[in-house]
Amino acid sequence: MTAVLCRHFGLAHIEIAEDIASDTFLKASEHWAINGVPDNPTAWLYTVARNKIRDYFKHKSVFENKIKSAAKPVEIELEKDFEINHQIIADSQLAMIFAVCNPANPIEAQISLALQILCGFSVEEIANAFLTNRETIKKRLQRARTKLRNDKFQIDYLTAADIKTRLETVLKTLYLLFNEGYFSTTNNQLIRKELCFEAIRLTLVLTENSLTNTPQVNALLALMCFQSSRLEARTGVNGEAILFDKQDKSLWDRSLIDRGNYYLVEACHGGEISTYHLEAGIAYWHTTFTDNNKWEHILQLYNKLILVEYSPVTALNRAFAFSKVYGNEKAIKEVEMLNLSESNYYHELLGYLYSSIDVPTSIQHYTRAINLTKSKVEQETLQQEINRLLQISLPPFK
């Protein structure tokens, strides 16, 4: 809704568009509770939003022209109507993503702004995505919004060159959106499916445009499909996390795996290899369970990925794959060399690796991970693992 309104009235009024979108849904919650959901809720919402923004500019025009007579009248076509349909909404969202991801702002600011405006991320969620603090993100967002507003950017047609320079940032935004849904760091839910599906939907929009249907886009979409195929198996009936080794493979969504295979093949056209290709390849092998050498394939892909784009998370994931190939003892040495002692994932992995070798040390690492993570679901899952280890380490009752 914000994208559609900004496309029609301009990015200079982005805060107004966001406020009106919020007011529209508030009115819907009140009106629908009494009168029921209308036959076409989307049309109802956009009609209310359109009327609200037209009323706003009418009142603003009166103020500017009569009360502030010296000021220049507001340049807005108040009576101009605009049609709403699924194609216009999709096109507006696509245009909005590229408008916000403008090189006039630093890349981090572009991504932060897109996550907030288009993905509804809170400041805390953006801070977690960038592994930084809230104040840094607040200042980054304020500067980015001011820059867009002052430069009077419009959501207009972009040239092929514009799209090419901005696409990488757009994909990074969608990647972070999906990751927050796949493994939430700020919510009491481990998985937020609505974020995963929103990321997939927006990436699909990119594949429907000839200028953005690139191998990288298809690789990212393949990655999302493969990862989403296991969502139902990653949590139990009480919301607890289920580790990969213990997942019920019958719950994996075969149709999403098939879609992932399709987009991965599409991504191979042109000979381009990006980080999304490598991650999609890793995710592909995770969804197969008939190949006895799959962990060797996964480790090889991680070896390439870590050379292309190093990150602590990638290093830890590689170490897990390493353990599957060479055993826990050798993997422990690999992990400890990373020296990521302030990461809960670091201690979780060491807890897992030590669990079959040294139970007291395993419990120490799991306890440290509990103290470092913000996720209640993750804390409960780790505590369950500690309880299990305590049970098997107790001497038998006589």
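Atom set for the values below is all heavy atoms of this structure, side chains included, hydrogens, waters and symmetry mates excluded.
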Discussion item. If the condition is ring pair (Phe, Tyr, Trp, His ring centres under 6.0 Å), which residues does Tyr262 pass it with, not counting sequence neighbours?
Written reply: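 Partners of Tyr262 by the ring pair (Phe, Tyr, Trp, His ring centres under 6.0 Å) criterion come out as none, since no residue qualifies.
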
Worksheet item: Mind checking what makes ring pair (Phe, Tyr, Trp, His ring centres under 6.0 Å) contact with Phe178, not counting sequence neighbours?
Response: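 In terms of ring pair (Phe, Tyr, Trp, His ring centres under 6.0 Å), with neighbours along the sequence ignored, Phe178 is linked to Tyr182.
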
Donor-acceptor check, side chain of [X] to backbone of [Y], threshold 3.5 angstrom: yes or no?
{"X": "Thr373", "Y": "Ile370", "value": "no"}
{"X": "Ser229", "Y": "Phe226", "value": "yes"}
{"X": "Thr173", "Y": "Thr169", "value": "yes"}

Pairing donors with acceptors under 3.5 angstrom, does anything connect the side chains of [X] and [Y]?
{"X": "Gln383", "Y": "Asn387", "answer": "yes"}
{"X": "Tyr326", "Y": "Glu334", "answer": "no"}
{"X": "Arg259", "Y": "Tyr263", "answer": "yes"}

Fill in: Residues which pass salt bridge (Lys or Arg N to Asp or Glu O under 4.0 Å) with Glu266, listed by chain and number, not counting sequence neighbours
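Glu266 satisfies salt bridge (Lys or Arg N to Asp or Glu O under 4.0 Å) with no residue once adjacent residues are dropped.
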
Discussion item. Restricting to salt bridge (Lys or Arg N to Asp or Glu O under 4.0 Å), what partner residues turn up for Asp258, sequence neighbours left out?
Written reply: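 So Asp258 forms a salt bridge (Lys or Arg N to Asp or Glu O under 4.0 Å) with Arg254.
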
Fill in: Centroid-centroid under 6.0 Å between Tyr352 and Phe320 rings
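Yes, the ring of Tyr352 comes within the 6.0 Å limit of the ring of Phe320, centre to centre.
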
Worksheet item: Ile137, Ile107: one ILVMFWY side-chain cluster at the under-4.5 Å cut-off?
Response: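 In one cluster: yes.
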
Item to complete: Please say whether more than 12 non-hydrogen atoms of neighbouring residues, nucleotides or ligands are located less than 6.0 Å from CG in Asn293.
Response: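 For Asn293, atom CG is crowded (more than 12 foreign heavy atoms under 6.0 Å).
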
Item to complete: Report, as yes or no, whether the 6.0 Å neighbourhood of atom CD on Gln142 holds more than 12 heavy atoms from other residues, nucleotides or ligands.
Response: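 It does not: Gln142 CD has 12 such atoms or fewer within range.
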
Worksheet item: side chain to side chain contact (heavy atoms under 4.5 Å, CB included) between Gln116 and Ile126: does it pass, once the steps are laid out?
Response: CA-CA 8 Å; Gln116 185 184 58; Ile126 299 172; 3.9 Å; yes

Fill in: Pairwise salt bridge (charged side-chain N to carboxylate O under 4.0 Å, His left out) hits with a residue in residues 337-363, at least two apart
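Pairs touching residues 337-363 that pass the test: Glu342-Arg368.
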
Item to complete: Sequence neighbours left out, what pairs pass salt bridge (charged side-chain N to carboxylate O under 4.0 Å, His left out) with at least one residue falling in residues 320-332?
Response: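 Output for this query lists Asp245-Lys324.
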
Return the [atom1] to [atom2] distance between [X] and [Y], rounded to the nearest 0.5 Å.
{"X": "Phe98", "Y": "Asn209", "atom1": "CZ", "atom2": "CG", "result": "7.5 Å"}
{"X": "Lys193", "Y": "Leu231", "atom1": "NZ", "atom2": "CG", "result": "6.5 Å"}
{"X": "Ile282", "Y": "Lys294", "atom1": "CD1", "atom2": "NZ", "result": "12.5 Å"}

Of all the heavy-atom pairs spanning [X] and [Y], show the shortest one and how long it is.
{"X": "Ala219", "Y": "Ala267", "value": "N-CB, 3.5 Å"}
{"X": "Leu389", "Y": "Ser362", "value": "CD1-OG, 3.3 Å"}
{"X": "Cys196", "Y": "Ser228", "value": "CB-OG, 4.4 Å"}

Please list, chain by chain and in numerical order, all residues satisfying side chain to side chain contact (heavy atoms under 4.5 Å, CB included) with [X], sequence neighbours excluded.
{"X": "Ala109", "result": "Asn105, Pro106, Arg140, Ala144"}
{"X": "Ile34", "result": "none"}
{"X": "Glu30", "result": "Leu26"}
{"X": "Lys333", "result": "none"}

Item to complete: Could you point out which residue of Leu174, Leu220, Thr214, Leu221 forms a side chain to side chain contact (heavy atoms under 4.5 Å, CB included) with Leu206?
Response: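 Testing each of Leu174, Leu220, Thr214, Leu221 against Leu206, the sole residue satisfying side chain to side chain contact (heavy atoms under 4.5 Å, CB included) is Leu174.
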
Fill in: ring pair (Phe, Tyr, Trp, His ring centres under 6.0 Å) contacts in which one or both residues fall within residues 364-390, not counting sequence neighbours
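The answer is His347-His365, Tyr354-His365.
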
Throw together a table of side-chain donor-acceptor distances under 3.5 angstrom for residues 297-313, partners on residues two or more places apart or in other chains.
from, atom 1, to, atom 2, distance (Å)
Asn303, OD1, Arg318, NE, 2.7
Asn303, ND2, Leu299, O, 3.3
Ser311, OG, Thr314, N, 3.1
Ser311, OG, Thr314, OG1, 2.8

Worksheet item: Given the rule in the side chain to side chain contact (heavy atoms under 4.5 Å, CB included) test, do Lys172 and Glu108 qualify, once you have shown the distances and angles that lead to the verdict?
Response: CA-CA 10 Å; Lys172 185 67 173 179; Glu108 292 82 1; over 6 Å; no

